[in-house]
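In this text the structure is predicted, and so the values were computed from the model without any measurement. All values below come from the heavy atoms of this structure, side chains included, with hydrogens, waters and symmetry mates left out.
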Amino acid sequence: MIQDEIKVSTQTLQWKCIESKIESKRLLYGRFAISPFRKGQANTVGIAMRRALLNEIEGASITYAKIKKVKHEYSTIIGLQESIHDILINLKEIVLKSESFEPQKAYISVLGPKKITAQDIKGPCCIKIIDNTQYIATLTKEISLEIELNIEKDRGYRIENLQKYQEGLFPVDAVFMPIRNANYSVHSFESEKKLKKYFS
């Protein structure tokens, strides 16, 4: 029985950062290259890496909020510029980093008039707020606003079931993904010399 010989490359895969920039505290961009691959391998690896980056990396997010003296999402508070619904949307956008695998509690307790940002969130030392300037709400009168936040660490995203929450607890559709967008492209080189020059 004659077996076909399969040529296996012994070359070591090389990584290179092609471009890296910080667009804001919440938005970082990077472009990387990896090579060499056998014919057909690059797409397989690209698809797997994209899926892993978007779905398998853990992140932290606010999963629900409890607002004192507020019973439902469509309540209005005199002296509060935003609706409760708008506040929940703003809380969803808060970018967090958690060093704990257990759910954590954080709090907002402010007296107006005041512009409320992520800087007003007080929590345990294991929770870090990436951008303290993120906007939450504005109090236009001398009223108090107290919010309890539940912060969890997980993967992907979670759409909460409203029915499992008691009155006064407001679920937040949590986005745990620290990487929000990932794409790949495949390029071929005419010669190994050009490839080495690209990675030098």
Side-chain angles (χ1 to χ4, degrees), residues 22-30 52-182:
I22 300 174
E23 297 185 0
S24 69
K25 288 183 179 180
R26 289 175 282 161
L27 189 60
L28 293 84
Y29 172 81
L53 288 169
L54 293 176
N55 298 323
E56 299 301 326
I57 299 179
E58 289 184 320
S61 181
I62 297 169
T63 56
Y64 71 78
K66 183 177 182 180
I67 305 174
K68 191 174 181 179
K69 297 180 180 179
V70 176
K71 292 185 176 181
H72 57 83
E73 185 178 345
Y74 298 102
S75 299
T76 56
I77 301 175
I78 297 174
L80 179 61
Q81 185 170 290
E82 284 75 17
S83 66
I84 301 302
H85 179 74
D86 289 337
I87 290 176
L88 295 175
I89 291 174
N90 292 340
L91 289 173
K92 177 182 176 180
E93 297 300 319
I94 302 294
V95 179
L96 304 164
K97 182 179 180 181
S98 175
E99 301 295 338
S100 173
F101 290 96
E102 299 297 325
Q104 299 293 322
K105 291 287 190 291
Y107 302 89
I108 299 172
S109 181
V110 295
L111 180 65
K114 179 178 173 60
K115 178 181 176 182
I116 306 168
T117 66
Q119 186 175 5
D120 296 301
I121 298 175
K122 308 301 178 186
C125 59
C126 61
I127 300 295
K128 180 182 178 182
I129 299 167
I130 302 303
D131 185 359
N132 287 332
T133 66
Q134 281 188 265
Y135 179 75
I136 297 174
T138 296
L139 296 177
T140 59
K141 295 186 178 182
E142 193 174 333
I143 62 168
S144 63
L145 181 66
E146 296 183 22
I147 306 175
E148 178 185 305
L149 305 171
N150 187 71
I151 299 169
E152 296 182 44
K153 197 171 184 178
D154 206 342
R155 298 181 178 90
Y157 61 91
R158 184 193 303 170
I159 298 176
E160 295 291 356
N161 181 4
L162 292 171
Q163 295 180 348
K164 75 175 185 177
Y165 285 89
Q166 65 188 53
E167 190 177 74
L169 288 182
F170 304 99
V172 176
D173 292 338
V175 180
F176 298 101
M177 301 177 292
I179 296 177
R180 300 297 175 90
N181 190 23

Results of side chain to side chain donor-acceptor pair (under 3.5 Å) for [X] - residues two or more places apart only:
| X | result |
| --- | --- |
| Gln104 | Ser100 |
| Asp154 | Arg158 |
| Ser83 | Asp86 |
| Tyr135 | Glu82, Thr138 |

Ring-face cation contact, Tyr107 with Lys122, 6.0 Å cut, 45° max: no
side-chain hydrogen bond (donor to acceptor under 3.5 Å, both in side chains) contacts touching residues 108-117 (sequence neighbours left out): Lys114-Asp120
Pairs involving residues 130-147, ordered by first then second residue, that meet salt bridge (Lys or Arg N to Asp or Glu O under 4.0 Å) (sequence neighbours left out): Arg26-Asp131, Lys68-Glu146
Who pairs with [X] by side chain to side chain contact (heavy atoms under 4.5 Å, CB included), at least two apart in sequence or on another chain?
| X | answer |
| --- | --- |
| Ser144 | Leu111 |
| Lys92 | Val172, Asp173, Val175 |
| Asn55 | Arg51 |
| Ala106 | Ile121, Leu149, Ile151 |

Salt bridge (Lys or Arg N to Asp or Glu O under 4.0 Å) partners of Glu102, counting only residues at least two apart: none
